[in-house]
Structures are given as C-alpha cells and as structure tokens.
Amino acid sequence: KKTVLNLLGVASVITTVSFLLDGDAKEPNVLMRFVEYILMLAIFFTITSGFYFGIKAIVNRIKVAR
C-alpha cells in the first residue's frame, strides 16, 4: 500500500511538472483542465507502476532461479 502511494506521488509530481511546462494554449474551460490533469495522472501512474512492478517481478524471478 505504501508503494502504491509512493508511485502515485511520483506520478503526481511528473504530471504537475509536465502540465506546467506544456507549451500548448490552455483550455478556457476549467473542467477540461481538471479532466486533462486527471487523465495524465492516470496515464503516468499506470506507466510508472507497470515499470516498477514489472521490474520487481523480474528481479524476484531471477532471485528464485539462483
């Protein structure tokens, strides 16, 4: 559970930085901004957790094989 919260925190930081550094024109609708932010957060969280748990599973299989 702590790992998932840490990954969510990392994804939140990456999302916030990428949202602030985005050079595109911002949507005038505030609701659309929130939807963009939440969807970017979900995408980054999925990618980071996939990498983390995938690498962790591979490392555990290598340890068991030895």
Show which side-chain atoms of residues 38-48 pair as donor or acceptor with protein atoms under 3.5 Å away, not counting sequence neighbours.
residue, atom, partner, partner atom, Å
T46, OG1, A42, O, 2.7
T48, OG1, F44, O, 2.9
T48, OG1, F45, O, 3.2

Would one find more than 12 heavy atoms of other residues, nucleotides or ligands at under 6.0 Å from atom CZ of F34?
->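 No - once you tally the heavy atoms of other residues, nucleotides and ligands closer than 6.0 Å, there are 12 at most.
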Determine whether more than 12 heavy atoms belonging to other residues, nucleotides or ligands lie under 6.0 Å from atom CZ of F51.
->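 Count not over threshold, so no.
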Mind checking side-chain hydrogen bond (donor to acceptor under 3.5 Å, both in side chains) for T3 and listing every partner two or more places apart, or none if nothing turns up?
->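 None.
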Atom pair OG/OH of S18 and Y37 - distance to nearest 0.5 Å =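 S18 OG to Y37 OH: 8.5 Å, rounded to 0.5 Å.
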